[in-house]
Amino acid sequence: MTNPLRGKLTHDASLKKLNSWRVGGAAKQLYKPVDLDDLQRFMPTLEASDNPIWLGLGSNVLIPDAGLDCTVILTLGGLKAMTLLEDNVFRLEAGVTCAKAAKFCVQHDFIDGEFFAGIPGTIGGALRMNAGAFGGETWPHVLAVETIDRQGVVRMRTPNEYAISYRTVAGPGLSEGEPEWFVAGHFQLPKGDGQVTQQNIKQLLKKRNASQPIGVPSCGSVFKNPPGDYAARLIEASGLKGHVLGGAQISPKHANFIVNTGDASAQDLLALIQLAQQEVWAQQQVQLVPEVEFLGWPAEVSLKLQEFNQH
């Protein structure tokens, strides 16, 4: 007899409160594993036609108003282990928030981990997109990652198996082969004075809070910064800072943030993303590429946004 699942399975589960834009429809079903062992038992129960989507804090994603006709796996609250492996090596599971990762670094006197504090997501998302903030990025500090496949098999992989670049990660199960998803990362950081790291984080967050819209629904940065320039500068120079479309607005505080003013639909947000691309291209001849993951949208929508005006 197989061990029963211990996590929570919900059918027709609303996703609005599970993403930082606070938009989108319901998932066919939502599973919240209690830990990695439970997740390993759950994965083989998925139907072959079910292509699961993973959520942590739900930042950096746009979920369609029609919802997701698949299983959503919520790592937040379940894959939460933080473990010191060696003096300067530690393991963080995918559902650990990057804010908690920064606190872990302070507690254990790691330095150079300040960037974690500026990432509004979880470790799983940070690994998936090489997230960064305050001049630092995730993957330069990765010693190994753990992935899980549809059968629930967990593998240890090394960074040299992946192609890593700015906000982009490609490799086994991501861009080739049978799908695999990140469930943990092993990180290495130098040791120093955690209190210095704490002070650095306070200063960096103070600076960020003064320049970015905090406390309103957004996904974080919408577009990648083009080489040698800033998406926010280009959008502002195109006259779109503060522009409103339906319930969505390009933030008057930081033009690379699109905020939900209270009643935005996912379609409003998508239309404003497209407008920003079109105007920046028309006026600046620069292609803006979204950082946002368009979960469950028709392939042509996502592809068009990613390859806008490429020739």
Side-chain angles (χ1 to χ4, degrees), residues 20 35-36 39 54-60 74-148 154 156-162 164-169 181-212 214-215 218-221 225 291:
S20 59
D35 55 25
L36 182 53
L39 178 61
W54 298 67
L55 281 182
L57 274 174
S59 59
N60 203 58
L74 187 69
T75 62
L76 187 69
L79 303 189
K80 59 186 178 182
M82 299 185 287
T83 312
L84 192 63
L85 299 177
E86 298 173 33
D87 191 43
N88 65 336
V89 179
F90 54 99
R91 176 183 180 272
L92 303 175
E93 289 188 341
V96 172
T97 66
C98 292
K100 285 186 177 179
K103 289 179 182 178
F104 184 87
C105 290
V106 169
Q107 291 166 357
H108 293 278
D109 287 322
F110 290 111
I111 58 175
D112 297 345
E114 291 91 340
F115 72 95
F116 278 127
I119 300 172
T122 55
I123 292 299
L127 289 169
R128 182 64 186 86
M129 65 172 289
N130 191 23
F134 306 147
E137 285 185 329
T138 302
W139 274 84
H141 308 287
V142 173
L143 276 185
V145 291
E146 296 171 33
T147 68
I148 195 169
V154 172
M156 186 86 76
R157 293 194 179 275
T158 57
N160 61 15
E161 296 180 70
Y162 297 88
I164 312 295
S165 57
Y166 172 65
R167 302 296 178 269
T168 304
V169 180
W181 298 273
F182 295 120
V183 290
H186 296 215
F187 300 88
Q188 184 171 33
L189 286 172
K191 298 298 286 278
D193 187 342
Q195 291 308 305
V196 173
T197 300
Q198 177 70 46
Q199 289 305 312
N200 290 344
I201 288 172
K202 283 184 178 179
Q203 291 302 313
L204 289 166
L205 289 178
K206 184 178 179 181
K207 184 178 178 182
R208 183 195 70 173
N209 293 350
S211 64
Q212 296 180 7
I214 304 300
S218 82
C219 77
S221 297
N225 286 322
E291 279 191 20

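Residue numbers start at 1 and run along the sequence shown.
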If you apply the rule side-chain contact (heavy atoms from CB on, under 4.5 Å), what do you find for Leu79 with Val183, and how did you get there? CA-CA 7 Å; Leu79 303 189; Val183 290; 4.1 Å; yes
Applying side-chain contact (heavy atoms from CB on, under 4.5 Å), run through Val142 and Leu127 and close with a yes or a no. CA-CA 9 Å; Val142 173; Leu127 289 169; 3.9 Å; yes
Chi angles and distances behind the side-chain contact (heavy atoms from CB on, under 4.5 Å) call for Gln198, Lys103: CA-CA 8 Å; Gln198 177 70 46; Lys103 289 179 182 178; 5.9 Å; no
Stepwise side-chain contact (heavy atoms from CB on, under 4.5 Å) check, Ile164 with Glu137: CA-CA 11 Å; Ile164 312 295; Glu137 285 185 329; 6.0 Å; no
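For the atom pair NE2 of His186 and CD of Glu86, the computed distance is 10.5 Å after rounding to the nearest 0.5 Å. Rounded to the nearest 0.5 Å, atoms OG1 (Thr168) and OH (Tyr162) are 15.0 Å apart. Interatomic distance, OG1 of Thr197 versus NE2 of His108, reported as 12.5 Å (0.5 Å rounding). Separation of atoms OG1 (Thr147) and CH2 (Trp181) is listed at 10.0 Å; rounding is to 0.5 Å. One finds the CG atom of Asn60 at 4.5 Å from the CE atom of Met129 (value rounded to the nearest 0.5 Å). The OG atom of Ser221 sits 11.0 Å away from the CD1 atom of Ile119 when rounded to the nearest 0.5 Å.
Scanning both residues, Asn130 and Val169, for their nearest heavy atoms gives N-CG2, 3.6 Å. Residue Thr75 comes nearest to Trp54 through the heavy atom pair CG2-CE3, 3.7 Å, listed as atom of the first residue, atom of the second, then distance. Across all non-hydrogen atoms, the minimal contact from Gly121 to Ser59 is CA-OG, 3.5 Å. Cys105 and Gly113 get closest at one heavy-atom pair: SG-CA, 4.3 Å. The nearest pair of heavy atoms linking Leu36 to Val154 is CD1-CG2, 4.3 Å.
Between Phe134 and Lys207, every side-chain heavy-atom pair lies at or beyond the 4.5 Å cut-off. The closest side-chain heavy-atom distance from Phe110 to Lys191 is below 4.5 Å. With a 4.5 Å cut-off on side-chain heavy atoms, Arg208 and Ile214 count as touching. At a threshold of 4.5 Å between non-hydrogen side-chain atoms, the residues Phe182 and Ile123 do not count as touching. Residues Lys100 and Lys80 fail the side-chain proximity criterion, which asks for heavy atoms closer than 4.5 Å. A heavy-atom distance below 4.5 Å is not found between the side chains of Leu57 and Ser20.
Counting non-hydrogen atoms of neighbouring residues, nucleotides and ligands closer than 6.0 angstrom, the NZ atom of Lys202 reaches no more than 12 such neighbours.
Ring centers of Phe116 and Phe187: under 6.0 Å apart, within the cut-off.
Ring orientation note: the planes of His141 and Phe115 are close to parallel, at an angle under 30° on the 30°/60° scale.
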